[in-house]
Asks: 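Structure incoming, see below.
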Amino acid sequence: MKPHKYQSIVILTGAGISAESGVKTFRDQNGLWENHRIEDVATPEAFARDPALVHNFYNMRRQQLLSDDVKPNAAHKAIAALQNSHPDVFLVTQNIDNLHELGGSTQVHHMHGELLKSSCTACPAISDINEDLSTDMPCPGCGEIGTRRPHIVWFGEMPIDMDLIFEKLMNCDLFISIGTSGNVYPAAGFVQEARMSGAHTVELNLEPSQGASMFAEHHHGKATEIVPEYLKMIT
């Protein structure tokens with residue numbers, strides 16, 4: 001078996017990798033998220049103020065994700081293939097969809113949570129959810145009514161697994177950012193962490209991101225085309 005060009009790879013993915021699968025991207029230029037203000041659907045305060053509205057918003061997104069129209073694409077499958085052939089590929093995603101898993105990836109770190117899971121405001125329980133959430137559903141962990149919420153990291157909350165992510169960034173020799181805008185922190189700062197560790201940094205994106213100047217190498221185009229092509233080059 002030939003040696004791998006890179007020993008430890010960290011891959012960050014964002015909305016751009018799922019856009020070609022039919023998943024709507026994060027928000028439009030007016031700061032609206034599918035016609036909702038971010039403050040009304042994506043903060044702990046919004047959930048406390050109007051949990052029914054927040055549930056309805058994520059229920060619609062969950063229904064879209066579970067529809068037959070949304071499937072993993074060639075970019076998701078290429079990353080899964082790299083994970084299967086390389087001993088050290090750490091995949092962290094800003095996306096809350098399950099397309100990496102459907103594409104064949106088994107180790108996926110969802111730093112912003114998962115749409116197909118719920119958590120509880122009264123206990124540590126996290127459970128799978130493939131149906132609509134509502135305010136009258138009991139928590140499967142503690143039995144409390146009205147405490148289940150989408151397992152999503154909202155604005156003002158700490159992303160998941162940050163200690164592990166930064167540990168991986170400090171020890172990688174290749175960092176690849178795929179389909180990210182470069183303006184959402186802390187993920188936008190990952191390239192700087194990787195550079196400080198001496199890693200080669202690569203941006204694969206439809207167009208240059210806001211942080212494009214931080215990367216040593218760039219490839220721009222559709223994720224379904226440039227991701228499989230680039231990952232073949234490094235194996």
Side-chain angles (χ1 to χ4, degrees), residues 1-26 61-117 128 130 151-152 160-161 164-165 168-169 172-182 184 187 190-191 194 199-209 215 217-235:
M1 182 181 294
K2 69 177 182 178
H4 293 283
K5 183 175 181 180
Y6 296 101
Q7 300 305 306
S8 182
I9 302 172
V10 173
I11 297 177
L12 168 70
T13 64
I17 196 171
S18 294
E20 291 179 71
S21 289
V23 177
K24 293 181 181 178
T25 51
F26 186 57
R61 299 191 73 193
R62 191 178 302 108
Q63 290 167 9
Q64 181 206 21
L65 181 59
L66 292 171
S67 73
D68 293 335
D69 298 331
V70 176
K71 295 181 175 66
N73 61 49
H76 296 107
K77 294 174 183 177
I79 292 173
L82 178 66
Q83 285 186 300
N84 289 330
S85 65
H86 192 287
D88 190 0
V89 178
F90 183 81
L91 173 59
V92 55
T93 184
Q94 296 172 277
N95 299 335
I96 59 174
D97 61 58
N98 65 336
L99 292 177
H100 279 301
E101 288 87 349
L102 291 177
S105 290
T106 54
Q107 293 292 325
V108 188
H109 299 270
H110 289 268
M111 62 180 293
H112 290 164
E114 299 178 63
L115 191 55
L116 299 183
K117 290 185 177 179
D128 295 334
N130 289 324
H151 184 53
I152 306 297
I160 299 166
D161 286 341
L164 176 60
I165 292 169
K168 292 293 184 179
L169 288 168
C172 72
D173 55 0
L174 174 63
F175 172 70
I176 308 172
S177 176
I178 301 172
T180 65
S181 64
V184 178
F190 288 177
V191 60
H200 182 57
T201 55
V202 181
E203 175 173 270
L204 306 179
N205 211 16
L206 186 61
E207 57 192 21
S209 71
F215 291 87
E217 184 178 351
H218 309 82
H219 299 273
H220 299 125
K222 291 183 176 181
T224 52
E225 297 172 1
I226 62 173
V227 173
E229 181 179 320
Y230 182 79
L231 296 188
K232 281 182 181 177
M233 287 168 44
I234 65 170
T235 54

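Note that the coordinates shown come from a computational prediction; the quantities given were computed from them, not determined experimentally.
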Asks: Which atom names give the shortest non-hydrogen contact between A199 and C172, and what distance separates them?
Replies: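 Closest approach of A199 to C172, heavy atoms only: CB-O, 3.5 Å.
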Asks: Just by distance, do the side chain of E203 and the backbone of S209 share a donor-acceptor pair under 3.5 Å?
Replies: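 A pair under 3.5 Å: yes.
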Asks: Is there side-chain contact between H100 and H76, with heavy atoms separated by less than 4.5 Å?
Replies: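 Yes, close enough: below the 4.5 Å cut-off.
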Asks: Look at the side chain of E20 and the backbone N and O of A223, then say whether any donor-acceptor pair between them is shorter than 3.5 Å.
Replies: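 Yes; judged by distance alone, with no hydrogens or angles, the pair exists.
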Asks: More than 12 heavy atoms of other residues, nucleotides or ligands under 6.0 Å from NZ of K232: yes or no?
Replies: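 Open.
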Asks: Please say whether more than 12 non-hydrogen atoms of neighbouring residues, nucleotides or ligands are located less than 6.0 Å from CD in Q107.
Replies: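 Counting other residues, nucleotides and ligands, CD of Q107 stays at 12 neighbours or fewer.
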Asks: Sort out for me which residue in T224, V227, L99 forms a side chain to side chain contact (heavy atoms under 4.5 Å, CB included) with N73.
Replies: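 Only one option passes, and that is T224.
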Asks: Hey, does the side chain of H110 reach the backbone of H112 with a donor-acceptor pair shorter than 3.5 angstrom?
Replies: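 Checking the backbone N and O of H112 against the side chain of H110, no donor-acceptor pair under 3.5 Å is found.
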Asks: Working to the nearest 0.5 angstrom, can you tell me the gap between I9 CD1 and F175 CZ?
Replies: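 The CD1 atom of I9 sits 12.5 Å away from the CZ atom of F175.
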Asks: Looking at side-chain heavy atoms only, is the closest gap between N98 and L115 below 4.5 Å?
Replies: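 Sidechains of L115 and N98: no contact.
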Asks: Roughly how far, to the nearest 0.5 Å, is CG of N84 from NZ of K77?
Replies: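 It is 13.5 Å, given to the nearest 0.5 Å.
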Asks: Considering all heavy atoms of both residues, which atom of A78 and which atom of P228 are nearest to each other, and what is their separation?
Replies: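 So the two residues come closest at CB-CA, 3.7 Å.
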Asks: Given 3.5 Å as the limit, does a donor-acceptor pair link the side chain of H200 with the main chain of E217, or not?
Replies: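 No; judged by distance alone, with no hydrogens or angles, the pair does not exist.
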Asks: So, for A187 and Q94, which heavy atoms are closest and what is the spacing to 0.1 Å?
Replies: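 Minimum heavy-atom separation between A187 and Q94: CB-NE2, 3.4 Å.
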Asks: Counting C-beta onward and ignoring hydrogens, is there a side-chain heavy-atom pair between V202 and I234 closer than 4.5 Å?
Replies: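 No; the side chains remain at least 4.5 Å from each other.
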Asks: Just say parallel, tilted or perpendicular for the rings of H220 and H218, cut-offs at 30° and 60°.
Replies: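 Geometry flag for H218 against H220: tilted rings.
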Asks: Which pair of heavy atoms, one from L206 and one from K222, lies closest together, and at what distance?
Replies: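 L206 and K222 have their closest heavy atoms at CD1-N, 4.1 Å.
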Asks: Less than 4.5 Å apart, side chain to side chain, heavy atoms only: is that true for R61 and L65?
Replies: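 SC-SC contact between R61 and L65 ruled out.
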Asks: Would you say V92 and D161 make side-chain contact, with heavy atoms under 4.5 Å?
Replies: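 Not touching, per the 4.5 Å side-chain cut-off.
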Asks: Between H219 and Y230, what is the ring plane arrangement, given parallel below 30°, perpendicular above 60°, and tilted in between?
Replies: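 Tilted: the ring planes of H219 and Y230 meet at 30° to 60°.
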Asks: By the salt bridge (charged side-chain N to carboxylate O under 4.0 Å, His left out) test, which pairs, at least two apart or in different chains, include something from residues 92-114?
Replies: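 Residue pairs passing salt bridge (charged side-chain N to carboxylate O under 4.0 Å, His left out), neighbours aside: E114-K117.
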Asks: Does the side chain of F90 come within less than 4.5 Å of I165's, by heavy atoms?
Replies: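 Counting from C-beta outward, I165 and F90 do come under 4.5 Å.
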Asks: So do T93 and I17 actually touch side chain to side chain, heavy atoms under 4.5 Å?
Replies: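 Not in contact.
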Asks: Could you state the interatomic distance from CG (D173) to OG1 (T201), rounded to the nearest 0.5 Å?
Replies: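 Atom-to-atom, D173:CG and T201:OG1 are 12.0 Å apart.
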Asks: Could you tell me whether the side chain of L116 reaches within less than 4.5 Å of the side chain of N130, counting heavy atoms only?
Replies: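 Counting from C-beta outward, N130 and L116 do come under 4.5 Å.
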Asks: Minimum heavy-atom separation for S8 and D88, please, with both atom names.
Replies: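 Scanning both residues completely, I find the closest heavy atoms to be OG-OD2, 2.9 Å.
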Asks: Quick one: closest heavy-atom pair of V70 and V23, and the distance?
Replies: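 For V70 and V23, the tightest heavy-atom pair comes out as CG1-CG2, 3.7 Å.
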Asks: Hey, could you give me the CD1/CZ distance between I11 and F190, rounded to the nearest 0.5 Å?
Replies: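 Between I11 CD1 and F190 CZ, I get 14.0 Å after rounding to 0.5 Å.
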Asks: Keeping N95 on the side-chain end and G14 on the backbone end, is there a donor-acceptor pair under 3.5 Å?
Replies: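 A pair under 3.5 Å: yes.
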